[in-house]
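Data first, discussion second: the structure below is written as structure tokens.
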Amino acid sequence: MSVRVLYREKEREMEPGISMTDAVKAFDKKLARKAIVARIDGKLVDMNTPITQDVDIEILTADTPEGLEILRHSTSHIMAAAVKRLFPDVQVTIGPSIENGFYYDFDRDEPFTPEDLPKIEKEIKKIIKENHSFEKQILTVDDAIKMFRDMGETYKVELIEDLVKNEKVETVSVYKSGDFVDLCRGPHIPSTSKIKSYKLLDVAGAYWRGDEKNKMLQRIYGTAFNNKEELDQHLKNLAEAKRRDHRKLGKELDLFSFQDDGGPGLAYWHPNGGLIRHIIETFWKEEHLKREYDLVYTPHIARAHLWETSGHLDFYRENMYSPLEIDGQEYILKPMNCPFHILIYKTKIHSYRDLPLRWAELGTVYRYERSGVLHGLLRVRGFTQDDAHIFCTPDQLKEEMINCVKFAIFIIESFGFSEYDIFLATRPVKFAGTSQEWDTAEDTLRKALNEQELPFTIDEGGAVFYGPKIDIKLKDALGRHWQGPTIQFDFNLSKKFDVNYIGADGQEHRCFMVHRALMGSLERFFGCLVEHYGGAFPAWLSPVQVMVLPIADRHIEYADQVAKQLKNENFRAKVDKRREKTGFKIREAQIQKVPYMLIIGDNEIEEQKIAVRERKQGDLGAMDIHRLIDILRERVEKKN
RNA sequence: GCCGGGAUAGCUCAGAGGUAGAGCAGCUCACUCGUAAUGAGCAGGUCAAGAGUUCGACUCUCUUUCCCGGCUCCA
């Protein structure tokens with residue numbers, strides 16, 4: 001008796017029961033050493049698994065996404081083993097791999113401190129050196145429960161009991177590496193020695209099962225990579241992200257602030273940030289007008305009654321501020337703009353000939369956010385949405401969706417985001433409308449995306465209760481993901497407000513309504529932009545596009561002349577007239593990330609030229625001012 | 001909201017149960033200077049706020065506010 005092992009189209013007869021590792025060794029020794037996990041019939045299996053029947057093996061190393069994920073998952077187990085050795089009183093809970101790393105949650109009365117991390121890292125190193133293999137065992141549920149109960153691991157017992165309840169399992173798998181045993185579905189790396197490059201990063205509190213009603217556990221975050229270079233690169237990226245933190249840059253570039261006296265989550269836009277916002281808003285408005293949107297403006301507060309009609313007081317109450325009393329009437333600060341746009345719509349009877357109506361507003365809304373979630377400009381309590389509502393007939397929906405998606409992509413590409421992922425979020429468990437309505441709407445959205453040949457992912461059940469939506473997630477210069485444009489279909493509000501139009505048949509019909517925000521909120525989008533550009537805004541957005549630097553006082557007159565000429569061409573130019581050395585002035589302009597610096601000295605005056613320094617390219621040498629104007633014009637035009 | 005860590009000059013940060021320190025920025029003066037920091041001098045603080053312990057608190061304790069890392073939630 002033997003089994004046939006197929007590997008990369010080569011085939012060998014082998015002893016039944018031989019491990020994957022040993023089998024692969026016969027084909028490729030080097031690869032067997034690097035193997036993290038095997039894939040057989042599309043399923044990932046441990047390298048330690050014995051082969052009992054004919055197989056076609058595919059080997060995954062830590063170079064592959066799947067291999068890396070398993071390496072990280074296994075590293076989290078080893079970290080748990082190390083923690084158990086150092087702190088025998090802890091209980092282990094769960095420890096998955098996550099994007100860029102892993103974590104493990106422990107139940108321990110005393111929190112871990114950052115000082116514990118090096119100690120744990122050292123213990124991990126020891127365990128790796130001891131080279132324990134990961135051995136999988138299948139236990140009956142009863143045996144497993146008994147084992148974990150004897151070990152005092154009550155969370156594991158709870159997990160198993162839930163598996164029995166929810167998935168009706170009769171057996172569970174546990175992995176043993178050295179003296180550490182953990183409940184785990186696997187698969188895992190063959191042995192601890194496969195872990196080469198890892199680092200523990202952070203400690204934090206986290207609720208058991210992510211539910212704030214449960215006990216707070218102590219989480220340790222870490223990461224692992226295929227090799228030291230990749231780990232170092234990752235750590236470098238983390239440091240770069242820190243350098244680009246919009247809160248830090250916001251202060252350095254004097255863009256915005258938050259005021260203790262003003263209250264948390266309420267942003268103050270300083271002149272520099274304000275100017276950039278103005279440019280963004282102007283661009284936004286012009287592009288909307290080009291696309292036959294109308295601009296509307298609505299108040300910040302409305303009677304509580306309106307929010308009752310809209311349903312916000314039912315489903316959004318915990319995010320809304322308490323009512324203000326005005327003349328004995330209750331008013332509430334708006335958390336959304338939609339009811340206001342509907343009120344404008346309802347000032348008239350609309351014919352199907354009027355539709356679609358596209359109404360856009362930079363609408364400032366206020367939402368109560370729990371204190372712990374506020375985060376710079378990315379999560380605030382008062383913000384301006386670049387909102388729009390489209391009222392249309394069912395027939396028009398698809399085209400409106402197509403236009404929204406096109407518009408969204410145009411906007412994000414204008415801000416230098418060339419990579420993005422599109423998601424179609426479908427019906428959640430709780431929803432307004434009928435399943436039939438949802439099916440039709442989802443189908444329309446799907447068609448809209450398909451017709452433009454845009455690849456997208458279905459986010460099953462990811463929609464809000466009132467309708468399916470298309471979300472676009474941006475990838476920034478550091479490869480991080482950001483929530484971008486969102487285009488949401490709404491079954492709910494048009495019903496609540498009875499939003500209708502008169503059709504060709506003379507009858508009233510219910511409007512279709514689409515909410516959409518392309519940037520989301522100006523605050524969040526701006527925070528994201530700051531990080532994406534690392535504060536070095538492209539010329540069209542830079543508060544100061546050109547800093548003119550006269551070398552000595554006698555050069556000021558010409559410098560002023562140059563600045564004036566640039567201003568006449570609608571560029572933002574300033575002259576640094578301080579009696580400082582040129583190097584000093586350059587340094588300051590450079591730190592302020594001004595795109596162009598013009599050095600003006602005797603030579604320039606004599607030749608009637610300017611010496612141009614670009615913030616990234618450095619010294620570009622002397623040129624005629626018209627040459628610079630052409631360059632600037634082109635950069636502003638191209639938004640790069 | 002919860003767990004943990006913070007708050008010292010405009011900024012970045014050091015310090016410590018006996019009354020506060022640096023660098024940068026600011027102001028003044030000198031230097032008129034060529035591609036990332038000229039030098040000197042001056043000024044700058046209710047050590048987040050309130051209460052308590054103490055002969056004495058910026059330091060220890062408590063409360064509050066705000067910030068940071070997470071959890072949950074989200075534009």
Side-chain angles (χ1 to χ4, degrees), chain A residues 103 105 108-114 201-221 242 245 247-248 251-252 254 257-265 316 318-319 335-337 363-365 367-387 464 471 482-486 488 515-528 549-556 578-592 597-604 611-615 617-622:
Chain A
Y103 67 78
D105 285 346
R108 182 180 183 228
D109 292 335
E110 213 174 306
F112 295 104
T113 65
L201 297 170
D202 261 314
V203 293
Y207 300 106
W208 167 234
R209 301 191 145 171
D211 188 334
E212 63 186 46
K213 290 189 209 74
N214 290 338
K215 186 167 181 188
M216 175 79 58
L217 305 173
Q218 301 304 325
R219 175 171 296 182
I220 300 179
Y221 283 95
K242 227 176 188 172
D245 190 311
R247 292 165 300 185
K248 187 168 138 66
K251 214 177 268 179
E252 286 169 7
D254 201 9
S257 66
F258 290 89
Q259 301 294 328
D260 281 7
D261 289 338
Y316 209 68
E318 64 277 21
N319 286 292
M336 294 186 193
N337 303 302
T364 303
V365 298
R367 298 182 185 174
Y368 172 73
E369 299 286 353
R370 304 208 286 175
S371 61
V373 307
L374 300 175
H375 181 92
L377 286 178
L378 305 181
R379 193 74 183 274
V380 291
R381 285 180 173 163
F383 56 95
T384 301
Q385 291 183 307
D386 69 314
D387 213 352
V464 218
D471 275 339
W482 299 78
Q483 174 60 50
T486 177
Q488 314 190 341
H515 312 250
R516 50 101 286 199
L518 305 180
M519 299 182 286
S521 81
L522 286 169
E523 284 75 7
R524 181 179 284 182
F525 189 72
F526 182 62
C528 167
L549 309 176
I551 289 171
D553 286 353
R554 64 178 179 281
H555 308 124
I556 288 178
R578 293 175 303 173
R579 285 189 167 182
E580 297 288 353
K581 285 196 166 178
T582 310
F584 178 84
K585 293 185 186 178
I586 287 172
R587 182 184 145 80
E588 296 230 318
Q590 200 73 48
I591 287 170
Q592 287 303 306
M597 286 152 265
L598 309 184
I599 291 90
I600 305 293
D602 294 335
N603 302 338
E604 286 68 32
V612 180
R613 181 191 165 95
E614 201 274 344
R615 71 180 164 205
Q617 298 159 266
D619 192 356
L620 299 183

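Every heavy atom of this structure was used, including side-chain atoms; hydrogens, water molecules and symmetry mates were not. Remember, predicted model here, so these are calculated numbers, not experimental data.
Nearest-nucleotide positions on RNA chain B place A:R209 closer to the 5' end than the other of A:R209 and A:G382.
Across the protein-nucleic acid pair, A:Q590 atom CD and B:A36 atom P stand 8 Å apart, rounded to whole Å. Protein atom CG of A:L378 is 11 Å distant from nucleotide atom C1' of B:C74, rounded to whole Å. As a whole-Å value, the separation of A:L217 CG from B:C2 C1' is 12 Å. Atom C1' of nucleotide B:C33 and atom CD1 of A:I556 are separated by 13 Å, given to the nearest angstrom.
Using atom C1' as the reference point in both B:A40 and B:G34, the two lie 25 Å apart (nearest Å). Atom name P, nucleotides B:C68 and B:U8: the rounded distance is 14 Å, in whole Å. Only the P atoms considered, B:G18 is 11 Å distant from B:U59, to the nearest whole Å.
Heavy atoms of A:D553 sit under 4.0 angstrom from at least one base atom. Among the protein residues, A:H555 comes within range of no part of the nucleic acid, since none of its heavy atoms lies under 4.0 Å from any strand.
Taking only distance into account, the side chain of A:E604 meets the base of B:G34 through a donor-acceptor pair shorter than 3.5 Å. Residue side chain A:R219 does not reach the base of B:C71 through any donor-acceptor N/O pair under 3.5 Å, judged by distance alone. Side-chain to base pairing of A:Y207 with B:G1: one donor and one acceptor N or O lie within less than 3.5 Å of each other.
Which of B:A36, B:U38, B:C73 sits closest to the side chain of A:F584 comes down to B:U38.
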